[in-house]
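For reference, the structure is listed below as C-alpha cells.
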Amino acid sequence: MTSEVRVRFAPSPTGYLHVGGARTALFNWLYARHCKGTFVLRIEDTDKARNSKEAVQVILDGLRWLGMDWDEGPSMGGEYGPYFQSERENIYQRYFDQLEAGGHLYLDNGAWRFRSLREVVVVDDMICGRIEFDLSNHETHPDMTIRRPDGSWIFHFVNVVDDIEMRISHVIRGEDHLSNTPKHLELFKALGKPAPRYAHIPLILNKDGSKMSKRDEGASITSYIDGGFVPEAVKNYLTLLGWSPKDGREKLEIEEVVQLFDLEKVNRKNAHFDIDKCVWLSGQYMSSLTLERFAELCSPFLVGTDAEGLEAAKLQPVLALVKEKVKTFAEVPAAISYFFTEDYSFEPEASEKALNQPGASARLNALATAFEKVADWSPESIEAALKATAVELGVKAGSLVLPTRVAVSGRGSGPSLYHMMEVLGRECSIRRIRQTADSKAA
RNA sequence: GACCCUAUCGUCCAGUGGCCUAGGACACUCCCCUUUCACGGGAGUAACACGGGUUCGAAUCCCGUUAGGGUCGCCA
C-alpha cells in the first residue's frame, strides 16, 4: 500500500497557466493514470500579494479544458487537504516547531533560516540520472530562508512539508527546480522523513530557443482556448514535447498515451515550441470530430456574428461544409460568414480574376437561367446544369466554376461549389449570380 | 562568476557500438488528384556543434571546447 503512486501539480496562481506548466501537469497526470495512482492538485498561494480567486480559476479552467481531471484538490477535496497552502498554516507551524526544536533554525534579520547540513547531496533523478551537489561551501550555497519576518512561509519549506503531508511518492516538475532539489532533500532529512522520487522534465522554450515568457506566442493556455484549438490536439501536442511513442506516430488517443507513457523515456533536452505543428494537429483532430461536437465547440466563436443562436437545422449544414477546411474554431466565423448575410464582401484578387473578364456577365446570366430550370436542387443536378451550360457556351466547365464561386461567396476558395450552392439554396444562389452579373462583372 | 542540465534536419521526435550513404512528422519547394483552396498521394531541400580519445568499427562510450538552458531570492 505504501508503494502507491501519488503525484501532484502545484502551481502558483499567477493569473495564467503557462504551456510549460500545463505540460508538467500533463506528465504528472499521465504518470498517475499510467500507474493507476492519484493525481493531486495543490495551489501554492503563499504569496498573498498575487493570490486571487480569478487567478486560481484560470488554472482550473485550463486543466479542465485540457481534460486533466484531478483526484484530490480544489472542488474535489480529499483526505490530505486543505489543498490551498494559504489554509495550511497550522501544519507548517507544526513542522517549523519540529525544525526549531531540532536546532536547524536560526534568526537572521527577523527571518528564519535553515542551517544547511553542509554535505554532498545526491539527487537520483528518474530522468536526469544521478547528480551530486556539493553544498559544503557556505559562500556559494547560503542557508535558505524558510520564513519571513511577517510570519509567512517560503516556497522550499511549504513545498516539502506538503509533499510529506500529502504522501507524495513522485515529484515530477520542471527542470528549473533541479538545482533546488538538494535543498529540499536536506529538509526531508532534517525532518526525518523519506524523500519522494524526483523526475525533472525539460523546459519548453520558444522555437528560436529563447526563454518563453508570458507574452510569447503559445505561452498561455488561454491563448489556445481563445484561439479555438481542439483541446485534444493541444494535449496530444504537449505529450509529444519530450516524449514519443517511438514508432513515429503523431496523432495518438490519450488512452494509448496513458498506456505507453513512462517517465524513464522522457527526453532530457529542452523542447522548442512550434505553434505550426500544434495548429496542424488541431486540424487533424478537427476532421475527426463529430458534427455535433464540432458545432458545440464552435458556438462560443459564433457569439456576435450573424450565425449566433441560429437553429441547428440552419447552422449545421453550413458547419458540415467547413469542418474539413478549418484547423481552429477561430477560423469558423470568417469561413461561414457569407452564408448568413447578403452583405458579403468580394476578395479583390478573386474578383479581378473571375469577374473582370470580357463576357463574364453574360456567362453568369446564362448560368442563372440554367439553374432556374434545375428540377431538384441537389449537388448532382447543379453540377450537371453547370456542365451543360459550359457546352452550350462552348467553354470549359472549369472556367465557369470560379466565377460562380466568387459570385455566390465573394471568394476564390471555399467548400465544394455544388455542395455550397445546395446549402445556400436555389433562390439565394441565383439571386447572387444575377446581382453579381449586373454589378461586378464586365 | 559558481554549480547543474543539455547538444541529430529550421522545429518536434526515432536512433542506446556495426542494420545509418541517419528514419518519421511539422514547415518549405515541386508534381499528381481536384471546379478553387484544403485534404489525400508522390518527390525534393535539410542534421549527428567542434576537437581529442576508446574500439576492428561511434550519431551512439569517455574527456575537453563551444553553444543553449537552468539554479544560486525574505518569488513560486
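Chain letters run A, B, ... following the sequence lines, proteins first, then strands; residues in each count from 1. These figures come from a predicted structure and were not determined experimentally. Just the heavy atoms: all of them, side chains too, but no hydrogens, waters or symmetry mates, feed the values below.
The residue A:Leu178 sits close only to the backbone: its heavy atoms come under 4.0 Å of sugar-phosphate atoms, none of a base. Note on A:Lys183: only backbone sugar-phosphate atoms sit closer than 4.0 angstrom, heavy atoms only; bases stay farther off. Within the nucleic acid shown, A:Gly412 comes within 4.0 Å of at least one base atom, counting heavy atoms only. At the heavy-atom level, A:Asp208 lies nowhere under 4.0 Å from the strands shown. Contact annotation for A:Ser244: backbone-only contact, meaning every heavy-atom pair under 4.0 Å involves sugar-phosphate atoms and none involves a base. Across all strands shown, A:Glu44 has heavy atoms under 4.0 Å from sugar-phosphate atoms exclusively, and none from any base. When heavy atoms are screened at a 4.0 angstrom cut-off, A:Asn180 is found touching base atoms of the nucleic acid.
Side-chain atoms of A:Glu165 and A:Tyr95 form a donor-acceptor pair, as typed in the model, at a separation below 3.5 Å. For the residue pair A:Arg411 and A:Ser337, a side-chain donor N or O sits within less than 3.5 Å of a side-chain acceptor on the partner.
No hydrogens or angles were tested; on distance alone, nothing pairs the side chain of A:Thr145 with the base of B:G73 as donor and acceptor under 3.5 Å. Side chain A:Lys277 to base B:A25: a donor-acceptor pair is found below 3.5 Å.
Nucleotides B:U71 and B:C13 are separated by 28 Å at their C1' atoms, to the nearest Å. Comparing the same atom, C1', in B:G15 and in B:C48 gives a spacing of 10 Å after rounding to whole Å. Comparing B:A27 with B:G69, their C1' atoms sit 25 Å apart, to the nearest whole Å. Spacing between B:C31 and B:U55 at atom C1', rounded to whole Å, works out to 47 Å. B:C37 and B:G70 are spaced 45 Å apart, taking the C1' atom of each and rounding to whole Å. For the C1' atoms, the distance from B:A47 to B:A14 is 13 Å, rounded to whole Å.
Using a cutoff of 4.0 Å between basic side-chain nitrogens and carboxylate oxygens, A:Arg147 and A:Glu89 are scored as salt-bridged. Taking 4.0 Å as the cut-off between side-chain N and carboxylate O, A:Glu383 and A:Lys387 count as a salt-bridged pair.
OP1 or OP2 of B:A14 has at least one side-chain nitrogen or oxygen of A:Lys246 nearer than 4.0 Å.
Nearest to the side chain of A:Leu203, among B:U35, B:C37, B:G70, sits B:G70. In this structure, of B:A76, B:U35, B:G70, it is B:G70 that holds the atom nearest to the side chain of A:Lys211. Minimum atom distance to the side chain of A:Asp274 is reached by B:U11, of the listed B:U11, B:A76, B:C39. For A:Phe155, whose side chain is taken as the heavy atoms from C-beta onward, the closest listed nucleotide among B:C74, B:C5, B:A76 is B:A76. Minimum atom distance to the side chain of A:Glu250 is reached by B:A25, of the listed B:C5, B:C39, B:A25.
Within the shown strands, B:C50 is the pairing partner of B:G64 under the Watson-Crick or G-U definition, both distances less than 3.5 Å.
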